[in-house]
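Working notes, structure below.
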Amino acid sequence: MDGSAPVIDVQGLRVVRGGREAVRGVDFGIPPGEVTGLLGPSGCGKSSLMRAIMGVQVVAGGTVTVLGRPAGHPGLRRRVGYAAQTPSVYADLTVAENLRYFAAVLRAPRSDAERVLAETGLAESRKQQVGRLSGGQRARASLAVALLGSPELLVLDEPTVGLDPVLREELWQMFHTLRRSGTSLLVSSHVMDEAGRCDRLLLMRQGRVVAAETPDALRERTGTPDLEQAFLRLVRGGESAGAAGPSAAPRTPGPGTGGPTGGHGRHERPGGGSADTGARP
Ligand SMILES: Nc1ncnc2c1ncn2[C@@H]1O[C@H](COP(=O)(O)OP(=O)(O)OP(=O)(O)O)[C@@H](O)[C@H]1O
């Protein structure tokens, strides 16, 4: 794949959940080697979009291309790491047991478990049962699983939700360390103060992308240094103009081919959304 080709290219994506349109015709491209923040209020469609990117969401229309292949393609399994919003580790296994299990599922090198333990600062908690970990440690354990196999792209659904400011800061530092080592990251959050930590933003509202640009470009376009204010200005401007639509989102040229398939994402996880009736292919 060309080094400047988008790691994710989404065209005309529509997702219907529970009879309602959760993603309403979204177009964007994400360049490689950046931390892209997917931000927007609760219920705006972030998880639905991420699930479509992982190929575990039935889509009503459009295409999703990941690393040059249709989302969910089996060839992406080891190239894309995913941490869903619900804990994606087995509570009754230790941290090390979880990692060994998922490493075997992914056919990742045995040494990977040790590497990701060190990378996520979990080495000392390796023998602890996941069910007894603190929220912050559990978040790290989920991230550790997503890091197995050294994926080129990490898709993390609200990894910092419920964490205290110190832990959030530590996780964001880790995301930037991963980015420096060449990994591309898509990280969702409904907390606008995380926007300033991202290289690029995808702002969503009511199933639509209202901005896809760098924080600085967004500040300049909206005339405010405060990203939360910028978001509000976009939304209010969009409403008075009749729509906060994807026209605000510049497209990154991309392959634009293929589409979600019946394949799954990187790995099956406990509690990974199976209660979502009809959502999985
Ligand atoms: N399992 C489901 N069944 C039916 N509707 C759903 C389901 N999950 C989500 N939805 C609906 O789809 C829409 C988008 O939800 P989604 O979870 O994608 O948003 P989100 O931005 O990730 O929200 P949050 O930040 O709260 O996780 C919402 O209207 C939500 O009620």
Side-chain angles (χ1 to χ4, degrees), residues 8 10 12-28 30 35-62 64 66 71-72 80-88 135 138-139 142-143 146 154-163 167-168 171-172 175 185-195 197-198 200-212 227-228 230-232 234-235 238-239 243-246 248-249 260 264-265 268-281:
I8 300 171
V10 172
L13 179 66
R14 289 177 48 243
V15 173
V16 175
R17 291 181 96 178
R20 292 180 54 200
E21 219 174 0
V23 178
R24 305 176 175 201
V26 157
D27 305 89
F28 64 87
I30 291 185
V35 179
T36 301
L38 175 57
L39 285 103
S42 197
C44 71
K46 302 182 296 295
S47 298
S48 305
L49 174 57
M50 285 186 148
R51 289 166 55 88
I53 289 168
M54 293 310 301
V56 296
Q57 175 69 54
V58 170
V59 304
V64 183
V66 178
V80 185
Y82 175 46
Q85 218 176 82
T86 38
S88 50
R138 253 200 311 274
S142 283
L143 181 61
L154 273 177
V155 177
L156 308 176
D157 196 351
E158 304 220 17
T160 61
V161 73
L163 301 185
L167 287 171
R168 275 171 52 190
L171 274 189
W172 275 100
F175 301 157
L185 293 94
L186 178 64
V187 182
S188 73
S189 173
H190 60 262
V191 184
M192 274 308 286
D193 69 7
E194 300 204 311
R197 300 172 185 270
C198 304
R200 183 171 298 271
L201 298 172
L202 277 178
L203 299 188
M204 271 192 98
R205 182 166 187 266
Q206 295 179 345
R208 293 197 165 91
V209 170
V210 296
L227 291 168
E228 184 151 0
F231 179 70
L232 289 173
L234 278 184
V235 167
E239 275 162 2
H264 283 260
E268 290 289 315
R269 293 153 188 276
S274 54
D276 187 359
T277 317
R280 282 178 183 263

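What's counted below: heavy atoms across the whole structure, side chains too, no hydrogens, waters or symmetry copies. Order of appearance sets the numbers: ligands from 1, and atoms from 1 within every ligand.
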Contacting atoms of ligand 1, where contact means under 4.0 angstrom from a heavy atom of Gly45: 14 (C), 16 (P), 18 (O), 19 (O), 20 (P), 21 (O)
Contact atoms of ligand 1, heavy-atom distance to Ala22 under 4.0 Å: 12 (O), 13 (C), 14 (C)
Is Gly40 in contact with ligand 1, taking contact as a heavy-atom separation below 4.0 Å? no
Give the atom numbers and elements of ligand 1 that come within less than 4.0 Å of a heavy atom of Ser47. 17 (O), 18 (O), 20 (P), 22 (O), 27 (O)
For ligand 1, which atoms have a heavy atom of Ser48 less than 4.0 angstrom away? 14 (C), 15 (O), 16 (P), 18 (O)
Is any side-chain heavy atom of Asp193 less than 4.5 Å from a side-chain heavy atom of Glu228? no
Do the side chain of Lys46 and the main chain of Gly40 share a donor and acceptor less than 3.5 angstrom apart? yes
So, the side chain of Ser188 versus the backbone of Glu158: is there a donor-acceptor pair under 3.5 Å, distance only? yes
Only one of Val10, Val15, Val64 passes side-chain contact (heavy atoms from CB on, under 4.5 Å) with Val26, and that residue is Val10
Do Val23 and Arg14 have side chains that get closer than 4.5 Å, going by heavy atoms? no
For ligand 1, which atoms, with element, lie under 4.0 Å from some heavy atom of Gln85? 27 (O)
Mind checking whether Pro41 has a heavy atom under 4.0 Å from ligand 1? yes
Reference residue Leu186; test side-chain contact (heavy atoms from CB on, under 4.5 Å); the match among Val35, Leu49, Ile8: Ile8
Does the residue Glu158 have a heavy-atom contact with ligand 1, meaning some pair of atoms that are separated by less than 4.0 Å? yes
